[in-house]
Structure formats: C-alpha cells, structure tokens
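Let me begin by presenting the structure, written as structure tokens, before commenting on it.
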Amino acid sequence: GFDISKLLGQTGLTTLDNGFGNTAACKSAITYIDGDQGILRYRGYPIEQIAERGSFLETAYLLINGELPNAEQLRVFEHDINQHTLLHEDVKRFFQGFPRDAHPMAMLSSVVGALSTFYQDSHNPFDPEQRYVSAVRLLAKLPTIAAYAFKKAQGHPFVYPRNDLGYVENFLRMTFAVPAEDYELNPVVVNALEKLLILHADHEQNCSTSTVRLVGSSHANLFASISAGINALWGPLHGGANQAVLEMLEGIKRDGGDVDAFIRKVKNREDGVRLMGFGHRVYKSFDPRAQIIKAAAHDVLAQLGKADELLDIALKLEQHALTDDYFVSRKLYPNVDFYTGLIYRAMGFPTSMFTVLFALGRLPGWIAHWQEMITDPANKIGRPRQIYTGEVIRDYVPIDAR
Ligand code: ACO
C-alpha cells in the first residue's frame with residue numbers, strides 16, 4: 001500500500017483508473033479477499049467456517065466490532081435489535097403512498113432515507129452512542145421494511161414483528177404469514193436464509209459499500225449513507241444480478257431451453273447480452289460463496305421437494321461456460337448471484353425481492369465500513385479528480401445568434 005496521492009499532488013499529475021480497478025480508496029481491516037485463490041475472510045475468519053457455524057447477527061457483530069461476541073455480548077446485541085424492530089406508524093404510511101407495482105428496492109432505499117427524519121438523534125456520526133443506536137435501529141428495522149415492501153406488492157395487510165422470534169424467523173413470518181392464518185416456519189428455509197445472509201454480509205470495496213463510504217465521507221448520517229448504498233446495489237451489474245439471472249434462466253426456458261444458442265448469443269455480444277451471474281471484478285478463479293451456494297441450492301431444492309427446470313438450465317450453462325474458451329480465457333466463473341435466485345424462488349420470494357434479500361445480508365458490511373471510515377483519523381472527504389476532455393475556452397453566444 002504505497003500512497004501515491006501525495007507524490008502525484010506535488011507533480012500535478014493525476015491517475016485515470018476507469019472503474020477503480022487498480023485504485024485502493026482506503027485501508028480496511030474488515031474483509032480480506034484473494035481473487036486469484038478464491039479466498040474470502042471476515043475479520044480473518046474463513047467464510048466457509050462462518051457460514052457453516054455462525055449466525056447472521058453474530059456475523060454482524062463480528063464485522064462491526066472486529067471480534068466474535070461472547071455469549072453475553074451476543075445476548076445484549078440480539079436483545080437491543082429485538083427492541084427496535086417496529087416501525088413508527090408514520091413510517092408505515094409511506095407504503096400507502098407508493099404505487100403497488102413499485103420495485104421493492106425503491107421502497108427500501110426511500111424508507112431507509114426517511115428514517116433520518118424520524119431519528120434526528122442520529123445526525124452526529126462522531127458520537128459512538130448515536131452510531132450504536134443508529135446501527136441497531138437499521139439492523140432491526142430493515143427486515144420489517146423489506147417485509148412491508150413485499151406485503152405492499154401483494155396487497156396484503158402488514159404483519160407486525162414478534163420479538164420472541166430470531167432475526168431470520170421474524171423476517172420470514174412478517175413476509176409470508178397472513179393475519180388470522182397459522183404460519184409454520186420451515187427450518188430448512190430458516191437455515192438456508194441465515195446462511196445466505198451470512199455469505200452476503202461483506203465484500204470489501206464493492207460498488208454499494210464504496211458508495212456508503214463516499215456518501216459518509218461528507219459526514220452524512222448513517223441512514224442517508226445506507227440509503228445511497230441500497231440504490232447502488234440495485235443495478236443489474238451488482239446486487240440486481242440475482243434478479244437478472246432468474247430472468248435470464250426463465251427467458252432461456254421460454255425459448256425452448258437451448259443453452260448452446262444462448263451461449264452463442266453471449267459470445268457474439270448480441271444485444272449486449274451477458275451471462276448474468278458470471279464474472280467478477282476481483283475473483284479470477286472462483287467465488288467461494290458461489291461454491292457454498294451451489295451446494296445449498298441442491299440441498300434446499302431437494303429438501304423442499306421443488307425440482308426446478310431452471311436449476312437444470314443453470315447447471316448446463318455453468319458446465320458449458322467452464323469448458324468454453326470465451327469464458328475460460330476471460331476468467332469468468334459463477335459469482336454469488338448465479339444460484340441464489342433459485343433458492344429464493346424455492347422459498348417463495350418473487351424475483352423483485354431477490355435484491356432486497358441481498359441488501360438485508362449486506363447491511364452489516366455497510367455499517368462496519370461506514371463506522372471504520374468515520375472513526376479513521378486519516379479519513380478525508382471522497383473527492384475524485386477527472387481528466388477534462390471538453391472545450392478549452394469559448395465566448396458566450398447570445399441566443400439569437402446561435
Ligand atoms: N458474460 C459475458 N462476458 C462477460 C461477462 C459476462 N457475465 N462478464 C465479463 N465479460 C467479458 C467482457 O465482455 C470483457 O470482455 P472483452 O475484454 O473481450 O471486452 C471481459 O469479460 C472483462 O469484463 P469487464 O466488464 O471488463 O469486467 P468487470 O470487472 O468490469 O465487470 C462484472 C465485472 C460487472 C461482474 C461483469 O463480469 C458482469 O457484468 N457480470 C454479469 C453481471 C453480474 O453477474 N454481476 C454480479 C457481480 S457480483 C456482485 O455484485 C454480487
């Protein structure tokens with residue numbers, strides 16, 4: 001990590017790095033990735049171990065505080081989160097104002113942004129107590145907001161949180177339970193979702209996390225910063241890829257299931273078609289999350305008894321791509337999103353909710369990075385430079401002379 005900025009500043013030179021492929025914007029002690037070897041670790045712990053043995057809130061605590069909690073620390077953290085799951089009734093009214101066919105990601109970012117109007121005690125990012133309460137409120141309320149966005153689209157009444165349930169159980173109940181009807185939680189679904197949330201919890205300086213850090217670098221509050229991150233996540237090249245993968249698989253199925261024809265289309269770059277769920281800026285061998293999720297997809301679909309023709313298409317696509325020189329030479333492997341959609345679908349989520357689930361998972365990472373950034377004495381407002389390519393100078397022309 002040689003900091004070249006001071007040296008360049010003295011020479012008046014500027015580096016141009018499209019997409020920041022080779023530029024570190026910060027130092028960070030949260031997540032380690034080795035893209036060549038397919039390694040991902042949260043605070044030094046291998047992702048495989050955390051996904052196998054940890055819980056989502058334990059992972060959130062680890063990311064935000066740097067260490068795994070002991071039993072008492074975890075109890076307090078879970079208790080604090082459980083106490084904040086309700087939304088203010090006026091927040092609930094936001095959902096009445098949205099059109100029924102609004103994308104849930106748009107509702108999510110709007111309502112999270114609006115939380116800063118309700119919690120004005122969150123506006124000093126340098127107060128550790130305010131930071132903690134804001135983080136707890138966000139972790140507690142995002143599942144409620146996400147479930148309400150789902151209910152809004154269904155036209156169903158909202159189901160209030162129940163604080164005797166675990167984090168994932170509570171979210172599933174608020175999403176799928178219908179008032180006055182029994183709702184039984186399926187442990188297969190609970191465990192799979194817990195694991196998926198853990199796998200999404202952080203991924204260092206991806207587009208949404210960098211957005212959170214950039215917005216936060218102006219000392220904007222946590223709600224404002226996270227709302228911006230949710231919008232960055234929405235795009236199909238980032239978190240929106242999980243929705244795009246499912247739509248791609250459905251499209252291939254509609255067209256008769258011809259995987260070879262689709263791959264040809266991708267390789268010929270017809271209509272800019274990409275193999276969604278493939279490729280990654282950092283992973284150039286395999287994405288360790290994708291390997292865990294592929295195994296989970298098989299398990300969950302089998303346990304839920306949901307044979308899925310789309311899984312067969314996905315397997316064929318993967319098989320084809322892994323042996324095709326176009327993908328091999330460009331080091332394109334399945335990423336975290338390639339198989340998640342199939343699991344979410346089997347759980348009963350519509351495609352429009354997939355990226356919302358990603359946001360629920362990524363929230364602890366966003367919070368951890370915002371906090372790391374704001375407490376770093378070396379932090380400066382993020383302010384990239386540019387290479388100006390416009391006219392050098394010209395004289396103003398009055399409108400009647402143009
Ligand atoms: N299908 C077909 N070709 C691809 C794909 C793909 N999915 N991804 C990259 N390529 C090709 C590019 O066309 C390019 O080829 P060229 O050099 O011959 O022009 C080469 O591979 C390098 O691609 P870039 O776009 O330069 O790679 P970059 O690092 O900028 O992009 C990204 C990474 C955005 C993930 C890209 O691979 C992609 O668009 N994938 C599909 C969308 C997706 O799955 N996104 C989720 C990412 S993971 C996440 O956010 C959770």
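Every value quoted in this text rests on a predicted model; they were computed, and no experiment measured them. Note that ligands are numbered from 1 as they come in the structure, with each ligand's atoms numbered from 1 the same way.
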Once ring-ring contact (aromatic ring centres under 6.0 Å, His included) is applied, what residue pairs with a partner in residues 269-319 remain, sequence neighbours excluded?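 Qualifying pairs: His203-His280, His203-Tyr283, Phe278-Phe338, His280-Tyr283.
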Answer side chain, backbone, both or neither: which part of [X] comes under 4.0 Å from ligand 1, heavy atoms only.
{"X": "Arg269", "answer": "side chain"}
{"X": "Arg330", "answer": "side chain"}
{"X": "Tyr326", "answer": "side chain"}
{"X": "Asn206", "answer": "neither"}

Could you list the atoms of ligand 1 found under 4.0 angstrom from a heavy atom of Ala241? 43 (C), 44 (O), 45 (N), 46 (C)
Here the atoms of ligand 1 under 4.0 Å from any heavy atom belonging to Phe358 are 51 (C)
Measuring from atom 30 (O) of ligand 1, which candidate in His203, Arg281, Met276 has the nearest non-hydrogen atom?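 Heavy atom nearest to atom 30 (O) of ligand 1 belongs to Arg281.
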Nearest heavy atom to atom 46 (C) of ligand 1, choosing from Leu237, Val336, Val245, Asn242, belongs to Leu237
So, [X] and [Y], do they make that salt bridge, N to O below 4.0 Å?
{"X": "Asp260", "Y": "Lys316", "answer": "no"}
{"X": "Glu318", "Y": "Lys294", "answer": "yes"}
{"X": "Arg137", "Y": "Asp121", "answer": "yes"}
{"X": "Arg213", "Y": "Glu372", "answer": "yes"}

Between ligand 1 and [X], is the shortest N or O to N or O distance under 3.5 Å?
{"X": "Arg274", "answer": "yes"}
{"X": "Arg289", "answer": "no"}
{"X": "Lys284", "answer": "no"}
{"X": "Leu275", "answer": "yes"}

Please list the nearest protein heavy atom to atom 49 (C) of ligand 1 with its residue and the distance rounded to 0.1 Å.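 The protein heavy atom lying closest is Asp337 OD2, 3.8 Å.
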Quick one: does atom 27 (O) of ligand 1 have a protein heavy atom under 4.0 Å from it? no
What pairs meet the side chain to side chain donor-acceptor pair (under 3.5 Å) rule with one or both residues in residues 245-256, with sequence neighbours excluded? Gln243-Glu247, Glu250-Arg345
